[in-house]
Amino acid sequence: MKKSLLALAVLGAFAGAASAQSSVTIYGKLNVEAGKAIGTTDKTLLDVAGSRLGFRGVEDMGGGLKATFGIEHRFNPATGDSAAAKFWNGYSTVGLMGDWGHIRLGRDYVVGFLMVQNQIDPFGGDTQGALRNIGMISGSTGPAGAGKVRYDSQIEYHFSASGFNIAAQVADAGAVNGGRAKRPFALATNYAGGPLFVGLAYENGGDADDKHLSLGGRYNFGFATLSAGYSRGTNVAGVDVKGYLLGANVPFGAGDFKLGYAVSDNDAVAGKLKKVGIGYHYNLSKRTKVFADYGKVGGGEPVGPKTGYDFGIQHNF
C-alpha cells in the first residue's frame, strides 16, 4: 500500500512538473459603441475597436527552446456574428522561440503595422476618433490605400534586447497579392525605453506599385504623452501617397483625453484629406472603461457626412 501511494505521489509530481512547463492564456475584448460612423447617417451600435476572443500559449521544451501558438477570432458583440469570413481573422500562428529570437508562421499582422503605425495613433486605430488610416496611410482599406494590415501564409522573425525590437517578414505572393510573382515583405524596428518610443518600418507589397515607409515616435512628459508620425509610399494603383499624424494623450482624473490631427495626400485626389479626432476614455477599473469620441474629416473626395461620434463601453479580460 505504501509503495502504491509512493508511486502515485511520484507520478503526481512528474505530472505537475510537466504541466508547469506549458501555459495557455485565454483573453478577449468586448467593445460596443452607440453612435454614427463617418460617411453615413445611420445611428446604430458599432464595434470599431475589434471585439475578439483569443488563445495563446507557450510550451517549454527545455534547453532554452519554447514552442508558441496564438489564435484570435474577431466578432461583433452587438449581433454575435463573425466580423470577417476568416474565423481566425485576428491571427493564427505557431512558432519556436529561444534566446536567438522568435519565429512564427501562419497569418499575422504586418510587422510595420504592429510595431510602428499602430503605436502612433493616440486612439490606437479604434473608435470614430481614429487617425491611423489617414496619418500613417496604413492598411489597404485606408483612404490612402498603401500597405496591408495582415499577411496570410507568412513567416516572420522577431528579436528583442535592451528595449530594441527588430522584425522581418515575408509572405506567399499568391496568398497576399492574388498570384503576383514577387513575395511581399516587411521590415520594422523600434525602441521602447522609459518615456520614449521611436519606430521605423518599410513594407513592399510584392508589386512595383505597392511600397510603404513609416516612422514615428511618442514621449511621455508626465502631464501628457505626445506622438508624431510620418508615412509615404505608392499604392497598388501606382499613385503616390503620404501622410502625417500629431496626437496627444492627456491623463485627467481616472481617464484620458485623446486628441489628434492627421493629413493624407493622394496624388490622384484633388485636395488633402484631413481629420480631427477628440475623445475621453474613463477607466471604471483596470479592465473596463467607458468612452466618448468625435471625429471630423475635411478636404479630399466627398465621403458623405463628414462627422462621426460614439459612446461606448469596453471590457478586456
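In what follows, residues are counted from 1 in the order of the sequence shown.
N133 is not listed as a side-chain neighbour of K275, based on a closest heavy-atom distance of 4.5 Å or more. Proximity of H73 to S82: side-chain heavy atoms (C-beta onward) are separated by under 4.5 Å at one or more points. Taking 4.5 Å as the limit, every side-chain heavy atom of F185 sits out of range of all side-chain heavy atoms of Q154. Contact annotation: the side chain of M115 approaches that of N165 to within less than 4.5 Å [non-hydrogen atoms, C-beta and beyond]. By the 4.5 Å heavy-atom criterion applied to side chains, E203 and Y151 are counted as neighbours. Here the side chains of I155 and V170 are in contact, with some heavy-atom distance below 4.5 Å. Residues I134 and V263 fail the side-chain proximity criterion, which asks for heavy atoms closer than 4.5 Å.
With hydrogens and angles left out, the side-chain atoms of N76 and D47 include no donor and acceptor closer than 3.5 Å. The closest side-chain donor-acceptor pair between D60 and Q21, if any, does not fall under 3.5 angstrom. Remark: the K289 side chain and the N283 side chain contain no N/O donor-acceptor pair separated by less than 3.5 Å. For N31 and S51, the side-chain atoms include no donor-acceptor pair closer than 3.5 Å.
Around the NZ atom of K296, the shell of radius 6.0 Å holds no more than 12 heavy atoms that belong to other residues, nucleotides or ligands.
For F291, the ring pair (Phe, Tyr, Trp, His ring centres under 6.0 Å) partners at least two apart in sequence or on another chain are H281. For F223, the ring pair (Phe, Tyr, Trp, His ring centres under 6.0 Å) criterion is met by F221, not counting sequence neighbours. In terms of the ring pair (Phe, Tyr, Trp, His ring centres under 6.0 Å) criterion, Y157 has no residue partners (sequence neighbours excluded). Scanning for ring pair (Phe, Tyr, Trp, His ring centres under 6.0 Å) contacts around Y27 gives an empty result, with sequence neighbours left out.
Using a 4.0 Å cut-off between charged nitrogen and carboxylate oxygen, D126 and K29 count as a salt-bridge pair. Salt bridge present: R107 and D152 bring a charged side-chain N and a carboxylate O closer than 4.0 Å. A salt bridge does not link D42 with K36: every distance from a Lys NZ or Arg NE/NH1/NH2 to an Asp or Glu carboxylate oxygen is 4.0 Å or more.
Of all heavy-atom pairs between D293 and Q128, the closest is CB-N, 4.5 Å. The nearest pair of heavy atoms linking W100 to M97 is CZ2-C, 3.9 Å. In plain terms, the two heavy atoms of A201 and G112 that are nearest each other are CB-CA, 3.5 Å. For K148 against V110, the heavy-atom pair with the smallest separation is O-CG2, 3.7 Å. Nearest approach of T288 to H315, heavy atoms of both residues: OG1-ND1, 2.8 Å. Considering all non-hydrogen atoms of both residues, G124 and R132 come closest at O-NH1, 3.7 Å.
Applying ring-ring contact (aromatic ring centres under 6.0 Å, His included) to F164 and the options Y191, F159, F197 leaves one that passes, Y191.
The structure places CG of N249 at 5.5 Å from OG1 of T225, a figure rounded to the nearest 0.5 Å. Atom-to-atom distance recorded for L65:CG and E59:CD is 9.5 Å, nearest 0.5 angstrom.
Ring centers of Y280 and F257: under 6.0 Å apart, within the cut-off.
With side-chain heavy atoms closer than 4.5 Å counting as contact, directly or through intermediates, the hydrophobic cluster containing I26 also holds V24, L30, L53, F55, F69, I71, F75, F87, W88, F317.
Listed by first and then second residue, the salt bridge (charged side-chain N to carboxylate O under 4.0 Å, His left out) pairs that reach into residues 87-105 are R104-D108, R104-E156, sequence neighbours excluded.
In this structure, M136 is not a member of the same hydrophobic cluster as L213, with clusters built from ILVMFWY side-chain heavy atoms closer than 4.5 Å.
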